[in-house]
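Some notes on the structure that comes next.
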Amino acid sequence: LIPVFLDSEVLSDTWSEDGAVHTIQRSCKLSVDAPRLLKKIAGVEVVYFIQKNTLNWRERTLLIEAHNETFSNRVTVLETCLYSVHPDNESWTCFEQSASLDIKSFFGFESTVEKIAMKQYTANIKRGKEIIEYYLSELISEGVTEIPRWTPPLQPPLSSDPYTIAAPTSTELHTASSSDISLGNSTIQTPQLLSTLTDKLDADYIERFLGQLTPIQESCLIQLRAWLQQTHRGKIPKDEHILRFLRARDFNLEKARDMLCQSLSWRKEFQVDTILNSWMPPSCLQEYYAGGWHHQDSEGRPLYILRLGQMDTKGLVKALGEEALLRHVLSINEEGQKRCEENTKIFGRPITSWTCLVDLEGLNMRHLWRPGVKALLRIIEVVEANYPETLGRLLIVRAPRVFPVLWTLVSPFINENTRQKFLVYSGSNYLGSGGLVDYIQSEIIPDFLGGDCLCEVPEGGQVPKSYYQTEVELENADHIRLWTDTIYQSAQVFKGAPHEVMIEVVEESSVITWDFDILRGDIVFNIFHSKRTPLRKDTSTALPELNNVQLIDRSWTLGVDYSMVESPLTFREGESIQGSHITRWPGLYILQWKAYGSAPSRVDDVISSLPGSAHTSKLMYYTELLASHDFRGSMTSLESCHSGFSQLSGGTTSSSQSHGSSFISR
């Protein structure tokens with residue numbers, strides 16, 4: 001009668017001395033009716049409940065108690081059913097049932113599981129009544145219409161009373177049903193309902209957008225994504241992007257989290273999300289950078305062709321500088337991710353990486369020019385750190401004799417997983433079976449490689465010296481470090497040496513907004529209103545590479561010289577925080593970031609201990625002062641800083657939780 005009820009095993013069967021109380025304890029085995037993904041995450045195909053039935057003939061009661069054995073460290077289910085005689089009419093049976101569900105942790109779905117579990121539990125109580133009626137009808141069909149009242153025996157019974165078997169059987173089956181409802185529908189069937197809300201745990205979604213994953217890999221994805229939702233609300237990358245970082249770190253959750261957090265901060269600091277809209281390659285790049293997109297490979301991956309041997313790397317570096325080349329390569333990677341998403345929709349299966357075809361014909365010692373190799377190594381370093389597992393395959397054709405020299409220089413900087421995707425063909429070995437046709441359909445092999453497809457990738461060639469910039473111009477261009485319009489600043493915080501920023505407010509009710517990421521260490525954030533003009537103490541004058549400023553003098557007294565306007569908040573490493581404060585008075589306000597648990601210390605002592613200090617914290621921050629009439633509600637003022645990861649988050653398949661506003665404070 002209960003499809004999910006598979007089996008049971010009697011753990012104990014006892015009688016009281018007078019035979020009035022019969023207690024049976026069982027382990028009940030229930031099947032799991034749940035989506036394939038959740039079964040893998042939970043690691044179970046069946047669940048077990050411990051059920052204790054106590055039939056008291058003297059008091060005419062049946063007490064059924066059940067609790068879950070499976071997932072007991074994550075979920076606690078307690079259920080009690082009591083059958084008793086109505087006090088006013090002995091022909092009536094009273095039925096009382098109560099249940100409690102306490103979800104300590106369940107893969108990030110605790111609150112939703114609780115709501116759906118109780119809803120399902122209530123809806124399935126009716127099933128228990130149907131089972132009782134079934135067994136009553138069965139007893140009647142056997143001629144049993146009345147059960148005599150219990151009387152104390154002259155001696156303890158030697159065998160089980162046959163009637164004690166019939167009644168507990170019906171009711172314990174009912175309880176098995178109810179118990180199954182409590183656990184089965186709360187922790188197992190819930191994600192099926194969740195999938196209709198988030199489209200995240202549905203098997204079709206996994207197959208189409210993420211590909212084959214083991215249970216451990218799926219669990220790692222959910223855990224990392226849940227952690228990001230807690231610490232980076234409104235800026236959650238898509239699952240495909242998170243998976244790339246997990247794969248790059250062999251699904252080591254801690255390492256993947258650190259790598260992803262650093263990358264998200266990097267994207268935010270340099271506004272990488274807007275590069276496809278804001279970056280326009282100079283005419284020199286458009287004409288002499290011999291690279292471009294060309295259809296897709298035989299597996300549906302976008303295909304990028306780079307004619308490196310025809311490219312004047314020395315001329316490009318001298319004409320544009322290292323930063324412009326890096327920016328261009330980043331725009332190519334951003335375009336690659338966009339094309340992967342488009343191909344995923346076109347082919348109906350996950351396309352998460354692209355193929356790169358590199359033609360080395362023409363490669364010579366000129367390409368080993370030291371500044372050019374240095375620029376190449378830096379580009380590789382940035383791409384490896386921020387675009388892991390985006391390269392599906394690298395096909396190198398027409399490799400000349402000088403190639404091993406270049407490979408020796410760059411291979412140590414390439415991840416081992418990436419190096420395994422390299423295929424190198426020398427001479428004309430790429431032609432015929434075992435060559436390009438194994439990876440690229442013959443009809444799209446470029447014409448310059450002997451194919452029939454016209455390739456519109458620029459042919460490169462030497463950059464005219466008229467494009468060259470002077471050494472001073474190149475130095476100034478590279479000094480900008482990627483983007484001139486970056487709005488974020490970095491700062492270091494030490495024990496006893498906080499970093500402080502002063503904001504002058506002219507009108508009351510002005511709004512101070514902030515947006516900062518904790519890159520390393522734990523930090524306490526404070527806001528003060530100062531009655532005195534602070535004297536700047538800049539630690540970075542002693543160590544130029546640091547940005548650390550103190551404004552509050554040690555002689556100042558809190559409550560006299562300055563006052564705290566907000567309660568201090570502690571933030572942990574990796575968290576992203578956005579917030580605002582509406583000022584009550586004009587004057588000087590000081591935003592302070594100090595190391596968690598730091599004690600007062602002389603700045604000189606702190607500076608002297610910096611090189612070997614293990615208590616350094618680092619953050620990246622942006623602040624803005626807005627007039628009250630310009631502030632349009634909760635953190636919408638931060639639209640000006642473009643802090644959302646527009647290229648990585650959002651999309652038709654991502655969770656609704658990932659679509660949250662980018663302007664919600666932690």
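As the structure is a prediction and not an experimental result, all values here were calculated from the model.
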**Message:** Please check this pair: side chain of N252 against backbone of E254, looking for a donor-acceptor N/O pair closer than 3.5 Å.
**Reply:** yes
**Request:** Determine whether Y387 and R244 make a side-chain contact, defined as any pair of heavy atoms from C-beta on separated by less than 4.5 Å.
**Result:** no
**Prompt:** Do the non-hydrogen side-chain atoms of E508 and W585 ever get within less than 4.5 Å of each other?
**Reply:** no
**Asked** Checking Q592 side chain against F528 main chain: does a donor-acceptor pair fall under 3.5 Å?
**Response** no
**Asked** Does any donor atom in the side chain of E500 or Q550 lie under 3.5 Å from an acceptor atom in the other side chain?
**Response** no
**Request:** Kindly say whether M259 contributes a backbone atom to a donor-acceptor pair with the side chain of S263 at under 3.5 angstrom?
**Result:** no
**Asked** Parallel, tilted or perpendicular: which fits the ring planes of W593 and F516, with parallel below 30° and perpendicular above 60°?
**Response** perpendicular
**Message:** What I'd like to find out is whether the side chain of S530 reaches to under 4.5 Å of the side chain of I552, using heavy atoms alone.
**Reply:** no
**Request:** Would you mind reporting whether E341 and K238 have side-chain heavy atoms less than 4.5 Å apart?
**Result:** yes
**Asked** Checking side chain to side chain contact (heavy atoms under 4.5 Å, CB included) for the pair E240/L210: CA distance, chi angles, key distance, verdict?
**Response** CA-CA 6 Å; E240 305 94 285; L210 301 182; 4.0 Å; yes
**Request:** Could I get the full list of side-chain contact (heavy atoms from CB on, under 4.5 Å) partners for S353, not counting sequence neighbours?
**Result:** R301
**Message:** Determine whether a donor-acceptor pair (N or O, by modelled atom type, separation under 3.5 Å) exists between the side chain of S278 and the backbone of T274.
**Reply:** yes
**Message:** One thing to verify: whether E573 and R257 come together as a salt bridge, which I'm taking to mean a side-chain N less than 4.0 angstrom from a carboxylate O.
**Reply:** no
**Prompt:** Is E507 atom CD crowded by more than 12 heavy atoms from other residues, nucleotides or ligands, each under 6.0 Å away?
**Reply:** no
**Item:** Test: K268 and D515 ion pair at under 4.0 Å
**Value:** yes
**Message:** If you define the side chain from C-beta out and look only at heavy atoms, does anything of Y304 sit under 4.5 Å from I332?
**Reply:** yes
**Message:** Please check: side-chain N/O of T344 versus main-chain N/O of F209, any donor-acceptor pairing under 3.5 Å?
**Reply:** no
**Flag, side chain of S331 to backbone of I275, donor-acceptor distance under 3.5 Å** = no
**Asked** Between the side chains of Y621 and H499, does any donor sit under 3.5 Å from an acceptor?
**Response** yes
**Message:** Counting only heavy atoms from other residues, nucleotides and ligands, does the tally under 6.0 Å from CD of E504 exceed 12?
**Reply:** no
**Asked** Are the side chain of N548 and the backbone of A497 linked by a donor-acceptor contact shorter than 3.5 Å?
**Response** yes
**Prompt:** With under 30° as parallel and over 60° as perpendicular, where do the rings of W514 and F525 fit, or are they tilted in between?
**Reply:** tilted
**Note, N415 side chain near P388 side chain (heavy atom, < 4.5 Å)** = no
**Message:** Is the shortest side-chain heavy-atom distance between R520 and Q492 below 4.5 Å?
**Reply:** yes
**Steps toward salt bridge (Lys or Arg N to Asp or Glu O under 4.0 Å) verdict (R572, D522)** = CA-CA 5 Å; R572 303 300 180 184; D522 299 337; 3.0 Å; yes
**Item:** Crowding at CD, Q286 (>12 non-hydrogen neighbours, <6.0 Å)
**Value:** yes
